[in-house]
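Right, one structure below, let's go through it.
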Amino acid sequence: MKNEIEKVLAMVQEGQVDAEKGAELIHVLKEKEQSASIEPSETSQKTAGFMDKTLKIRVISTDNDNVNVNLPIKLVKVVLSAGHNIASKIPQSEQYVKDIDIDLILEAIENELDGQIVDVKSANGDTVSVVIE
């Protein structure tokens, strides 16, 4: 922020803005710095709470081939990024991951998507649900 204030002072000195406008700009810069120093702690607490959640995948099959997977969101985020990059470089798997918008999935995690994500019931009675809790 020090550089920005110096730039404002230089603008005042060069006559590009008057002293009143310069003071107003400096005031805004200081308020922005204060709000930025407060927000990360609140945001990090909120994000930390979300990152402690779990992605739960449940598949209930009529043939009793049931699946229960619980993955911490922290792990999901890391594995999605790394796994997608690795898979896209392997010729055999490239075709399967080329159309996956990994940035959209990561953005959903960053925006703290919560609750039921997928709820599918097939014609033969199998169900799949994906939930973040």
Side-chain angles (χ1 to χ4, degrees):
M1 185 183 84
K2 185 177 179 182
N3 291 338
E4 288 89 356
I5 291 176
E6 288 175 1
K7 288 178 184 177
V8 171
L9 292 173
M11 291 169 62
V12 171
Q13 188 175 16
E14 294 169 4
Q16 293 175 338
V17 295
D18 62 19
E20 186 178 320
K21 185 67 174 174
E24 184 180 327
L25 289 170
I26 290 171
H27 179 72
V28 168
L29 287 170
K30 287 185 177 183
E31 282 183 350
K32 184 177 177 182
E33 181 185 35
Q34 287 174 347
S35 67
S37 66
I38 292 171
E39 287 179 19
S41 62
E42 293 171 359
T43 304
S44 63
Q45 288 174 355
K46 184 177 178 184
T47 302
F50 179 77
M51 291 305 236
D52 291 336
K53 292 192 176 212
T54 304
L55 176 75
K56 297 180 178 184
I57 303 169
R58 303 288 182 257
V59 179
I60 301 170
S61 168
T62 55
D63 297 332
N64 284 331
D65 298 330
N66 300 333
V67 178
N68 291 317
V69 179
N70 296 322
L71 299 170
I73 290 294
K74 290 177 190 176
L75 177 64
V76 171
K77 187 175 176 185
V78 171
V79 170
L80 277 174
S81 296
H84 188 266
N85 288 335
I86 292 168
S88 64
K89 291 177 176 57
I90 299 171
Q92 294 87 350
S93 65
E94 182 182 18
Q95 65 182 346
Y96 300 109
V97 298
K98 69 178 181 175
D99 294 328
I100 297 174
D101 189 351
I102 198 71
D103 293 327
L104 182 63
I105 297 169
L106 291 172
E107 184 180 331
I109 292 171
E110 291 295 324
N111 290 318
E112 301 182 5
L113 181 65
D114 202 355
Q116 183 105 19
I117 299 170
V118 175
D119 186 21
V120 178
K121 186 166 187 165
S122 70
N124 67 351
D126 296 343
T127 60
V128 176
S129 70
V130 179
V131 179
I132 297 177
E133 296 181 323

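Note that the numbering runs from 1 along the sequence shown for the chain.
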Hydrophobic cluster identity match, [X] and [Y], side-chain contacts under 4.5 Å:
X    : Y    : result
V67  : L71  : yes
I132 : L75  : yes
V69  : V131 : no
I60  : V128 : no
V79  : I86  : no

Exercise for the section: Might you confirm whether atom CD of Q13 has over 12 heavy atoms from other residues, nucleotides or ligands at distances under 6.0 Å? Expected result: no
Exercise for the section: Report yes if some heavy atom in the side chain of R58 is under 4.5 Å from a heavy atom in the side chain of N70; otherwise report no. Expected result: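 Yes; the side chains approach each other to less than 4.5 Å.
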Handout entry: Verdict with supporting geometry, I73 and T54, side-chain contact (heavy atoms from CB on, under 4.5 Å)
Key = CA-CA 5 Å; I73 290 294; T54 304; 5.9 Å; no
Exercise for the section: Kindly write out the residues that satisfy salt bridge (charged side-chain N to carboxylate O under 4.0 Å, His left out) with K56, not counting sequence neighbours, or none if the list is empty. Expected result: E133
Exercise for the section: Give, for atom OG of S61 and atom CG of D126, the distance between the pair rounded to the nearest 0.5 Å. Expected result: 4.0 Å
Practice task
Quick one: pull up CG in N124 and CG in D63 and give me the separation to the nearest 0.5 Å.
Solution key: 7.5 Å
Problem - Under 3.5 Å: donor-acceptor pair, side chain of D119, backbone of S129 - result: no
